[in-house]
Amino acid sequence: QRRSLAEDGYLLVPSLLPADAVAALAARLDELARAIIAETDAAGEQWEEAGVVRMRLDPADPGYALLVGQPLLFSAADTVIGPGCRVDGLSLRAPLPGCGHQGLHPDFFPGHSTSGPWQVLAAMWCITGFTRDNGPLRVIPGSHHSAHDPADDMEFPGMGPHPDEVRLIAPAGSLILFNSASLWHSGTLNYSPAPRLAVTTYLSGPAMAPSA
C-alpha cells in the first residue's frame, strides 16, 4: 500500500465501510443533494460546476464520523505527509445524469509539489458504487511527479481520454486515497440515471491551510 501511494500517487481500498452505514449515508446525502438541486433551480442560481452538486459538509457532524475518524486515513497521512495531520475539510460531489466530466488536473497547479511529502491527502469515499457508467474518478498513475499541466499536453489534452488513465471502479463503501494536489485526476461523465455520490475527506499537516 505504501509503495502504491508513493509510486502511483493513489490507493484503492475496496469495501471498507459496512453496508448498513453506507446505506444510511447514501439516503442522507441523496436527500441533501436533491434539496440543493431544488433550492438552486428555484433561486435561478448558477451552478458552481454545471450539473454537479457540490457542498462542504461539517466534519464535526456525528453522522459523518466514519468518514473522518477511520484510522486508515491518519495512518496513510502519517506515511505520505508526516506526523500530526488533521482533517481540514469534508465535501460532497455528486454529478447528475449526463454531467460530471472534468479535464485532468492537479488541484494545486501551479505550485504543486512533485517530490517529497504530499501537500494534502484526499480520501474519497464511494457512497455510491463507482461503475464505468456513473462517472468514476480517473487518475494518471505516477503523474504526481510531473511538473506539467495536463491541459498543455498537445497530444492528449486534459479534457479528452489519456492512454495511461485508470478509471477507478469500486463497490459502495470503498475508499480512494490520492494525492489530489499533484496527481492528474478528474471526474468523468455520469451516464447512469441517478446522481453518483462521493464524499472526500481532506487531511493535511499542521502547517497547511484548510483544503478546498
Side-chain angles (χ1 to χ4, degrees), residues 3-12 33 40 45-56 80 89 91-170 174-202 204 208-209 211-212:
R3 184 167 58 250
S4 293
L5 289 169
E7 296 179 1
D8 297 330
Y10 74 95
L11 173 68
L12 170 61
T40 302
E45 297 176 354
Q46 294 293 320
W47 292 81
E48 178 183 348
E49 182 183 351
V52 177
V53 175
R54 298 173 67 101
M55 184 180 183
R56 291 178 183 271
V80 299
S91 66
L92 166 69
R93 183 177 184 272
L96 306 183
C99 304
H101 186 75
Q102 298 173 308
L104 290 165
H105 62 280
D107 285 351
F108 283 16
F109 184 88
H112 67 287
S113 174
T114 59
S115 62
W118 292 12
Q119 293 159 289
V120 66
L121 170 66
M124 181 176 287
W125 295 98
C126 306
I127 306 303
T128 303
F130 280 23
T131 71
R132 294 193 177 277
D133 295 330
N134 70 358
L137 182 72
R138 61 171 174 159
V139 298
I140 308 298
S143 59
H144 58 306
H145 297 306
S146 173
H148 301 295
D149 182 353
D152 293 335
D153 190 325
M154 299 300 292
E155 186 176 4
F156 302 107
M159 284 299 293
H162 192 285
D164 299 327
E165 72 179 45
V166 175
R167 297 196 176 203
L168 298 177
I169 310 306
S174 299
L175 176 64
I176 302 167
L177 300 167
F178 67 107
N179 184 347
S180 62
S182 304
L183 187 73
W184 297 6
H185 66 281
S186 82
T188 56
L189 191 70
N190 180 4
Y191 290 99
S192 80
R196 193 270 290 146
L197 303 171
V199 174
T200 302
T201 307
Y202 295 95
S204 65
M208 283 293 296
S211 312

Item checked: Close side-chain approach of Thr200 to Ser91, heavy-atom, < 4.5 Å -> yes

Checklist line | Atom of Leu189, atom of Gly98 and distance for their closest heavy-atom approach | finding: CD1-O, 3.3 Å

Checklist line | Interatomic spacing from CZ in Phe108 to CH2 in Trp118 - rounded to 0.5 Å | finding: 12.5 Å

Margin query: Would you say that His105 contacts His185 through its side chain, given a criterion of any heavy-atom pair below 4.5 Å between the two side chains?
Written below: yes

Next item on the list: Would you give the length of the straight line joining atom CZ of Arg167 to atom CG of Leu137, rounded to the nearest 0.5 angstrom?
Entry: 10.5 Å

Checklist line | Non-hydrogen atoms of Leu12 and Ser174 that approach each other most closely | finding: CD1-CB, 4.2 Å

Next item on the list: Drop me the distance from Arg138's CZ to Leu168's CG, to the nearest 0.5 angstrom.
Entry: 11.5 Å

Check: Measuring from Gln119:CD to Asn179:CG, what's the distance to the nearest 0.5 Å?
Finding: 7.5 Å

Margin query: Restricting to non-hydrogen atoms, name the atom on Leu96 and the atom on Pro195 that form the minimum distance, rounded to 0.1 Å.
Written below: CD2-CG, 3.9 Å

Note to self: Per the side-chain hydrogen bond (donor to acceptor under 3.5 Å, both in side chains) rule, what does the pair list look like for residues 139-159, sequence neighbours excluded?
What the structure shows: none

Next item on the list: Provide the closest heavy-atom pair for Ser186 versus Gln102 in the form atom of the first, atom of the second, distance.
Entry: OG-O, 3.2 Å

Check: Who are the side chain to side chain contact (heavy atoms under 4.5 Å, CB included) partners of Ser192, not counting sequence neighbours?
Finding: Asn134, Asn190

Item checked: Ala94 to Leu197 - nearest heavy-atom pair and separation -> CB-CD2, 3.7 Å

Notebook entry, point to check: Do the non-hydrogen side-chain atoms of Phe109 and Pro150 ever get within less than 4.5 Å of each other?
Noted result: no

Checklist line | Arg196 side-chain N/O to Asp133 backbone N/O, donor-acceptor pair under 3.5 Å | finding: no

Next item on the list: Please work out whether the ring planes of His162 and Phe156 are parallel, tilted or perpendicular, with thresholds of 30° and 60°.
Entry: tilted

Notebook entry, point to check: Partners of Arg132 by salt bridge (charged side-chain N to carboxylate O under 4.0 Å, His left out), sequence neighbours excluded?
Noted result: none

Check: Taking atom CG of Leu175 and atom OG1 of Thr201, what is their separation to the nearest 0.5 Å?
Finding: 8.0 Å

Note to self: Within this structure, what is the CG-OG distance for the pair Asp107 and Ser182, rounded to the nearest 0.5 Å?
What the structure shows: 9.0 Å

Check: Between Cys99 and Pro95, what is the shortest heavy-atom contact and its length?
Finding: O-CB, 3.7 Å

